[in-house]
Amino acid sequence: MSRLRTEIPGPRSRELAGRRAGAVAAGVGSVLPVFVDHAEPGLLVDVDGNRLIDLGSGIAVTGVGNPAPGVARAVREQVDRFSHTCFTVTPYEGYLDVCERLAELTPGGHDKRSVLLNSGAEAVENAVKIARHATGRPGVVALDHGYHGRTNLTMALTAEEMPYKRGFGPFTPGVRRVPGSYPLRDGLTGAEAARRAVAAVDRPEGVACVVVEPIQGEGGVIVPAPGFLPALADWCRSHGVLLVADEVQTGFCRTGDWFACDREGVVPDLVATAKGVAGGLPLAAVTGRADVMDAVHAGGLGGTYGGNPIACAAAVAAIDTMRDLDLVAAARRIEATALPRLRGLAPDVVVQARGRGAMLAVELASADQAARVAARCHAAGVIVLTCGARGNVIRLLPPLVIPDGLLAEGLDVLEGALQ
Ligand SMILES: *Cc1c(COP(=O)(O)O)cnc(C)c1O
């Protein structure tokens, strides 16, 4: 392949891997240990000059491009003005610009407020803090196959033991895990799956919130059966339980809507966002009903870096890019191109092809198969990720701005790898 100059990883990457082993904690993994030098549209270029097709976007982060020209410009301008003040010491306008855009774009036309943070885990953790404070209830409900982060509280919410939880307990109490909707496995309608989920909650009057990814990412790109989320939202409303949508992975055009909840008109009480919001700069948010958000006393929320001005400038530019380039439509085009091709893949190997927008996956029979397919893609210069409770799902999270030709080429490689 002409994009590759060496085997993967190449000699310079292998040399750096040696240095890494002596300096970086072994617990930090890498899907594909090529060291990156720079990026081009849809490509990562490694230190050996290999040009790899990026179907991962750094886990659904660089949807707007890497670097997106508008984001790069905004970051350069902001870093020359000031890099940090701490919003809780002295505020600045960029923070407001982001919160106003979040209020406008997240589901529902109601009055909203936001708090800005640094990571998806921090956003989910703050959403739970706010929900507990606003309701005065301690309980939290999370779903099977859910993934919400690696802090103590979000590990408690996260379903899979490996690699996220083993040996890291004890975890925060008060978290109840219930079955979700996994149509391939459970064969239930959305309404049936929702009934099963809420039947597993023993005391709704003690529950502050249900935390749910509208499409589960790390758990295997699991799209719930239609009607599941609306039924869950109805149950929450009738029991005074807040619905927290973890849109960290699904948000910002990824699924062919601004937010995945939009598809079925579900309006959560609180929305956690991160990943795609700022074109690669670390930024996260909780956006929600003004009465719920404002229930927390002044000083109860915040953090040193939350809503850092450079990250805010990046987010404003990233969101403007999403609008200008209509990345909602771009994600739908990616689905229209890629999903039929995935559905046509070798039926003896592929159990199911699924997903929405530019969040797509093929579930294979075993983790072994998925690892072999991913390894073949990597060797051929295409970055794909695996996920799923059993590690048996190959997932594609391409940049929303990926050139058509590169997407097609990446899919050719995946198709070949599955043969
Ligand atoms: C990635 C992810 C998180 C955690 O985000 P971090 O920025 O890694 O802390 C939480 N929820 C979902 C759905 C995610 O995909």
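Counting starts at 1 for both ligands and their atoms, in listed order.
Within ligand 1, the atoms closer than 4.0 Å to a non-hydrogen atom of K275 are 1 (C), 2 (C), 3 (C), 14 (C), 15 (O), numbered from 1 in the order shown.
At least one N/O-N/O distance between Q249 and ligand 1 falls below 3.5 Å. Polar contact with ligand 1: absent for G149 (N/O pair, distance under 3.5 Å).
Looking at H148 against ligand 1, only its backbone comes within 4.0 Å, counting heavy atoms.
Taking the side chain as every heavy atom from C-beta outward, V373 and L414 approach each other to under 4.5 Å. Inter-residue side-chain proximity for V115 and M293 is flagged as met; some heavy-atom pair is nearer than 4.5 Å.
Of the possible polar contacts, none joining the D257 side chain to the A260 backbone as a donor-acceptor pair under 3.5 Å is found. A donor-acceptor pair under 3.5 Å links the side-chain atoms of Q78 to the main chain of F82, judged by distance alone.
Among protein heavy atoms, the minimum distance from atom 11 (N) of ligand 1 is reached at D246 OD2, 2.7 Å. At the top of the distance list for atom 6 (P) of ligand 1, counting protein heavy atoms only, stands G120 N, 3.3 Å. Looking at atom 4 (C) of ligand 1, its nearest protein heavy atom turns out to be A121 N, 3.6 Å.
Exactly one of E213, E218, Q216 qualifies for a side chain to side chain donor-acceptor pair (under 3.5 Å) with Q249. That residue is E218.
Salt bridge annotation for D326-R332: absent, with no cationic side-chain nitrogen under 4.0 angstrom from a carboxylate oxygen.
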